Structure formats: structure tokens, C-alpha cells
Amino acid sequence: MASVVLSEAEKLYIVHGVQEDLRVDGRGCEDYRCAEVETDVVSNTSGSARVKLGHTDILVGVKAEMGTPKLEKPDEGYLEFFVDCSANATPEFEGRGGEELGTEIANTLYRVFSSESSVDLKSLCINPREHCWVIYVDVLLLECGGNLFDAISIAVKAALFNTRIPKVHILEDEEGSKEIELSDDPYDCIRLNVDDVPCIVTLSKIGYRHVVDATLQEEACSLASLLISVTSKGALTSMKKMGKGSLDPESIFEMMETGQRVGKSLHIALQKILDEEERLGTSRQKVGFLG
């Protein structure tokens with residue numbers, strides 16, 4: 001994880017501010033930075049999104065490929081996650097550092113999406129036991145400026161919302177052998193329902209209070225944080241503690257309550273942006289290096 005070195009005086013300044021609900025950049029403890037969300041940014045994918053949250057910059061590409069259902073779930077498709085921590089994002093990703101973080105993020109995403117209801121995997125089945133769609137989700141960290149997990153989860157949800165999978169028609173001849181035909185009409189496609197896809201809210205304990213969407217400087221002042229995944233209805237689907245410090249039960253309950261409340265607002269704001277992008281379609285102005 002990218003980190004910064006602060007003097008004791010700088011840490012004290014940040015911690016005191018948080019206790020007064022006033023952060024260095026003027027936000028309150030429960031405020032997110034302004035996020036830039038752009039969908040449909042990579043041309044050779046089934047869906048894609050780019051999210052900038054402060055100085056954190058994430059690119060997600062989704063590819064739907066045909067595969068064989070898993071033995072234990074013969075009537076379902078499945079998701080695969082790959083995370084690439086670019087060495088340009090922070091010098092700490094050179095060598096093995098980025099690899100370890102990439103594995104940790106991928107494992108967290110598997111845990112977040114392990115809930116049966118997050119994505120309707122049955123809708124990805126083409127032919128039980130024979131053919132299904134495998135959704136490959138590639139996450140690229142372009143820049144790290146704090147609060148990685150939240151930004152990644154927003155980008156993943158946006159990219160899945162943008163994903164279009166071709167409709168499949170199964171043709172059977174007289175001998176009973178099946179042939180699969182993919183529709184080449186770009187409008188004849190399946191869309192994933194992302195209503196129940198959770199977003200991650202990271203709550204960082206600083207002093208006796210906690211903040212959401214911590215900057216790198218605030219992360220340097222936090223000894224423990226709680227990652228919780230929240231659906232748009234406010235249901236908690238997973239929880240994970242990070243950092244060397246400890247959290248007392250009372251703090252954990254408070255953080256869970258904040259996470260649910262903030263998570264619901266985050267989903268509403270994100271859905272508004274996604275609907276707007278959808279409505280504008282190809283007429284919207286492209287920004288960034290992928291424009």
C-alpha cells in the first residue's frame with residue numbers, strides 16, 4: 001500500500017482536526033472527495049470504467065468469454081478478478097510489493113462478490129454443464145492517493161454496469177449436435193443487473209473518531225481501519241479489519257453504522273452518474289487519455 005512519512009507535528013495537526021470533524025482539506029469525517037466516473041473508456045472490452053478519487057486513479061476493463069461451468073455449479077457462470085498494480089502508481093509497487101497488494105485486492109473482491117445475490121450468475125449460464133459466460137474483471141491501478149479499495153469497488157461496479165454480453169442462440173441439427181451462434185447486433189445483448197453489487201466503504205480510525213475516504217496523509221495517522229462492503233439497500237455483505245492497531249467493539253459498531261449510512265449515499269450518487277452516462281451515450285464528451 002502506498003504510504004507517506006509525516007512528522008509528529010503533522011500527525012498531531014491531522015488527528016486534532018479529525019476530532020473536531022474538520023479535515024485538512026475541509027471535509028467532515030463522513031464526506032467523500034469528489035469522484036470522477038467515466039464508463040466505456042476502453043474499446044476492445046465488453047465493459048469498462050475509469051474512476052478518479054482525489055489522487056487515486058483506477059481503470060477497470062471487463063471481458064466476457066465463453067467457458068465451461070464449474071463442476072459444483074453447473075448452471076452458473078462466474079467472475080474472475082485480476083489486479084495489476086502499475087509500478088508508475090507508486091515506487092513501492094516495484095518488484096514484489098505490487099504483486100502482494102494485487103493478490104490482497106483480488107481476494108477482497110472475491111469475498112465481496114461471494115454473496116449469492118451480488119450478481120445473478122445463473123443468467124450467465126448458456127447451456128448447463130457445457131457453456132457459460134466467464135466475466136474477467138481486470139483492475140489496473142494507475143495512481144495511488146489513498147482509499148484504494150473504495151475507488152476500486154466503485155470502478156468495478158461502474159464497469160459491470162457498462163458491460164454488454166452478446167445474446168447466444170443454440171441451434172440443434174437432426175443428429176442432436178448443438179451449435180452456438182453469437183448475435184452480432186450490438187443492441188442484441190445481455191446487461192448485468194448491478195443493483196445488488198456492493199461497494200466497499202473503508203473507515204479509518206484516527207484518534208477516537210473515524211473517517212471515510214482517507215487521504216494518504218490520513219492513512220499514515222490511522223493504526224486500524226475497517227473495510228465493509230455495503231449494498232445499495234444498506235445491507236452489509238462482508239467486513240475486514242486492516243492495520244496493526246486494535247478496534248474495540250463499540251468502535252466497530254459505530255463504524256458499521258457509519259459505513260451503512262455512507263454506503264447507501266455512495267450507491268445513490270454513483271447510480272445517478274451511471275444513468276447520466278447511459279442517457280448521453282456516444283454524444284457525451286470523453287475526457288482523460290482514453291478519450
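Values reported hereafter were calculated over all heavy atoms of this structure, with side chains retained and with hydrogens, waters and symmetry mates removed. Keep in mind that what you see is a predicted model, and the values were worked out from it rather than measured.
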Answer yes or no: does atom [atom1] of [X] have more than 12 heavy-atom neighbours from other residues, nucleotides or ligands under 6.0 Å?
X    : atom1 : answer
R191 : CZ    : yes
Y13  : OH    : no
K272 : NZ    : no
H55  : NE2   : no
K264 : NZ    : no

Is it true that [X] and [Y] fall in one hydrophobic cluster, defined by side-chain heavy atoms closer than 4.5 Å?
X    : Y    : answer
V24  : L6   : yes
L124 : V134 : no
L53  : I268 : no
Y136 : V112 : no
F253 : L226 : yes

Between [atom1] of [X] and [atom2] of [Y], what distance do you get to the nearest 0.5 Å?
X    : Y    : atom1 : atom2 : answer
I126 : C132 : CD1   : SG    : 7.0 Å
L236 : S115 : CG    : OG    : 11.5 Å
N162 : D40  : CG    : CG    : 4.5 Å
D57  : E36  : CG    : CD    : 8.5 Å
L203 : M242 : CG    : CE    : 12.5 Å
I105 : L101 : CD1   : CG    : 4.0 Å

Side-chain donor-acceptor pair present, [X], [Y], cut-off under 3.5 Å:
X    : Y    : value
S225 : T202 : no
Y32  : N147 : no
S251 : D248 : yes
E100 : T103 : no
H210 : T258 : yes
T237 : S229 : yes

>> Would you say the rings of F113 and F81 are close, in the sense that their centroids are separated by under 6.0 Å?
In response: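 That pair passes the under 6.0 Å test.
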> Hey, is the main chain of R27 close enough, under 3.5 Å, to the side chain of R23 for a donor-acceptor pair?
Replying inline: no
>> Check whether S114 reaches the backbone of R111 with its side chain - one donor and one acceptor, N or O, closer than 3.5 Å.
In response: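 Yes; judged by distance alone, with no hydrogens or angles, the pair exists.
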>> Going by the rule side-chain hydrogen bond (donor to acceptor under 3.5 Å, both in side chains), which residues pair with R209 if we only count those two or more places apart in sequence or in a different chain?
In response: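 Counting only residues at least two positions away or on another chain, R209 forms no side-chain hydrogen bond (donor to acceptor under 3.5 Å, both in side chains).
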Review item, side-chain donor-acceptor pairs of residues 68-80, under 3.5 Å, at least two apart:
| residue | atom | partner | partner atom | Å |
| --- | --- | --- | --- | --- |
| E76 | OE2 | K122 | NZ | 3.4 |
| E80 | OE1 | Y110 | OH | 2.7 |

Listed pairs under 3.5 Å, donor-acceptor, residues 193-200 side chains, sequence neighbours left out:
| residue | atom | partner | partner atom | Å |
| --- | --- | --- | --- | --- |
| N193 | OD1 | D195 | N | 2.9 |
| D196 | OD1 | K233 | NZ | 3.2 |

>> What verdict does the side-chain contact (heavy atoms from CB on, under 4.5 Å) test give for I58 and V60, after you've listed the backbone C-alpha separation in whole Å, the side-chain angles of each residue and the deciding distance to 0.1 Å?
In response: CA-CA 7 Å; I58 309 292; V60 174; 4.1 Å; yes
> Are L109 and V137 close enough, and set up right, to give a side-chain contact (heavy atoms from CB on, under 4.5 Å), and what steps lead you there?
Replying inline: CA-CA 10 Å; L109 288 170; V137 181; 5.8 Å; no
>> Let's go through T108 and K240 carefully: what are the C-alpha distance in whole Å and the side-chain angles of both, what is the deciding distance for side-chain contact (heavy atoms from CB on, under 4.5 Å) to 0.1 Å, and is it a yes or a no?
In response: CA-CA 9 Å; T108 302; K240 180 186 181 186; 3.4 Å; yes
Tell me whether [X] is salt-bridged to [Y], with the criterion being a basic N under 4.0 Å from an acidic carboxylate O.
X    : Y    : value
D138 : K63  : no
E30  : R261 : yes
E278 : R164 : yes

>> Checking T163 against S46 for the side chain to side chain donor-acceptor pair (under 3.5 Å) test, could you report, in this order, the C-alpha distance in whole Å, the side-chain angles of both residues, the deciding distance, and whether it holds?
In response: CA-CA 5 Å; T163 297; S46 308; over 6 Å; no
>> With a 4.5 Å cut-off on side-chain heavy atoms, are E38 and K52 touching?
In response: no
> Taking all atoms of both residues into account, what is the closest heavy-atom pair of T39 and A158, and its distance?
Replying inline: CG2-O, 3.9 Å
>> Walk me through whether T215 and R33 qualify under side-chain contact (heavy atoms from CB on, under 4.5 Å).
In response: CA-CA 9 Å; T215 61; R33 289 168 290 183; 4.0 Å; yes
